Amino acid sequence: METYHGKSVLQGIALGKLYVIEKKESTWTKMTVADTESEAARFQAARKEAMEQLDELYQEAMEQVGEENAMIFDVHKMMLEDLDYLETIENRIRTESVNAEYAVTVTGEEFSAVFSSMDDDYMKARAADVLDISGRVVRVLEGREEPGLHTKEPVIILADDLSPSETIAMDKTKILAFVTKQGSANSHTAILARSLNIPSLVNTDVEITKAYHGKEAIVDGVSGSLIIEPDAATLEAKRQEQAEIREREEKLKLLIGQDNVTADGRRIHLYANMGNVEDVEKVLANDAGGIGLFRSEFLYLGRDTFPTEEEQFQAYKEVISRMGGKKVIIRTLDIGADKKADYFELDAEENPALGFRAIRICLTRQEIFRTQLRAIYRASAFGTAAIMFPMIISVEEIRRIKAIVEDVKAELTGEGIAFGEVELGIMIETPAAALVSGELAKEVAFFSIGTNDLTQYTLAIDRQNQKLEPFYDAHHPAVLKLIEMTIHNGHKEGAWVGICGELAADDTLTETFLDMGLDELSVSPVYILKLRDKIRHIGM
Ligand code: PEP
Ligand code: MG
């Protein structure tokens, strides 16, 4: 039995087998080879292995997501059989005497450039596929593993670190818990774990080695420990604890349908944060009064191309319809910093958290913004939608946003497309926004305070940097003063004010927030009933 410690992201206990994700970086360089025939044979062997992988992926996708989605792997197989592509690679190995990794990569890039320049949309889309299959062959040549999760039974993931895109791409029904060696409790991967109600540890003192793959383990989010190959007594004790936690959760369900009202009569809205359309299940099961933060950027992560207007419309429509008239606040695209998608082709930056992200991207690349706004407005006809904009720093930005919104609405009206009344709000997550909240409140219906970023920017502490966690004090008086100021300024102008950062779930502050006059708390679904319980005991 081995025990390791990490920072718990969500209380809860998981028991299961470990699934180790070892990320090996690509290290190949261009090389001259003397024996080009064996190099060509090495390429052919890698191609064969890649074809077998695609067969497996096709079968897996057929079972999980159906034939239409599985077809992509068939297309990839066809590309790996394309004579033109294969001959170009082999000729390159023979005539230039280069290694297979180089020949495959350069050929992939050339073919991709040709596809990209075609007029036909179908052919254009193949540009990414040819890069994908070339990358697969190179991965095999280097002996690196396929990224992602390939398991039939649910597992405990053990990884060095996981980005939000990698996490999003995994089948959540197969994840019992996450344990990472790196990572901070304020990262979006941690936030995702909370929204999925999965016990998780970050910053754990364990070595990531394949030797642990398949071993029985316990993730204890209460004590923050990972126990590998537990002895019988430990296993029994943890099973007991797990049952007690489940029993407490069951008891909380008695609060479904009850008001969020203190014993002395103060009320507050309890809404839910979510990121994936499937999360709406948990939002409803935990009796949220609405959705206070739909992190729409998750629709853009874990994929290779922009989601179309239609795809987004279907996602928003499903969430809005299933909420049956309860308010759904969609936060427009907040990409950048740790939330990355390659197809945005964003430049690398020295300080990405202070960089080209969120509304700054939307106001610069307006076609992306307009597509999203059209999709949200179209979906608003199916229930109660509200929109909020992230990373705002000035009145000027809101005016620009509102002009674009008006333009999109006029466009839809011109096309005879129906849409509903949509409340507009902004996130207060920069000290600048909090300080000018009196002016900003004149422009919008509501504020939602993003304490994760507000804390990061107020304290000048990178929320992603695990070394700084001892300094990341979300209860810092400066943060609490900015929250109070925002509530006061919002109310003076008739705007309602909520908090949707992780601090909203901190029940040691619930009474403070009520005293400040806050109107709404938006938290991961798993915290709703716990907070309701807390609220109902205040003022007793
Ligand atoms: C926040 O910054 O508090 C917030 C809710 O947004 P995100 O965590 O997605 O940056
Ligand atoms: Mg934020």
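Values in this document were obtained by computation on a predicted structure and should not be read as measured data. Remember, it's 1-based here, ligands and their atoms both numbered in the order they're listed.
- Near ligand 1, residues His188, Ile191, Leu293, Arg295, Arg331, Asp334, Lys339, Met427, Glu429, Gly450, Thr451, Asn452, Asp453, Arg463, Cys500, Gly501 each place a heavy atom inside the 4.0 Å sphere around the ligand atoms.
- Side-chain contact check for Thr189 and Ser187: no donor-acceptor pair (N or O, by modelled atom type) lies under 3.5 Å.
- A donor-acceptor pair shorter than 3.5 Å can be found between the side chains of Tyr300 and Gln312.
- Residue Ile156 forms a side chain to side chain contact (heavy atoms under 4.5 Å, CB included) with just one option from Leu201, Val179, Ile218, and that option is Val179.
- Proximity of Val444 to Glu423: side-chain heavy atoms (C-beta onward) are nowhere separated by under 4.5 Å.
- A salt bridge is defined here as a Lys NZ or Arg NE, NH1 or NH2 lying under 4.0 Å from an Asp or Glu carboxylate O, and Lys530 with Asp507 fails to meet this definition.
- Protein atoms of type N, O or S found under 2.8 Å from the Mg ion (ligand 2) total 2.
- Between the side chains of Arg463 and His188, at least one donor-acceptor pair of N or O atoms lies under 3.5 Å.
- In this structure, Ile535 and Val261 have side chains that are not in contact, with every pair of non-hydrogen atoms separated by 4.5 Å or more.
- Side-chain contact check for Ile483 versus Thr486: every heavy-atom pair is 4.5 Å or farther apart.
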* **Stepwise salt bridge (charged side-chain N to carboxylate O under 4.0 Å, His left out) check, Arg360 with Glu397** => CA-CA 9 Å; Arg360 299 165 188 179; Glu397 281 172 346; 5.1 Å; no
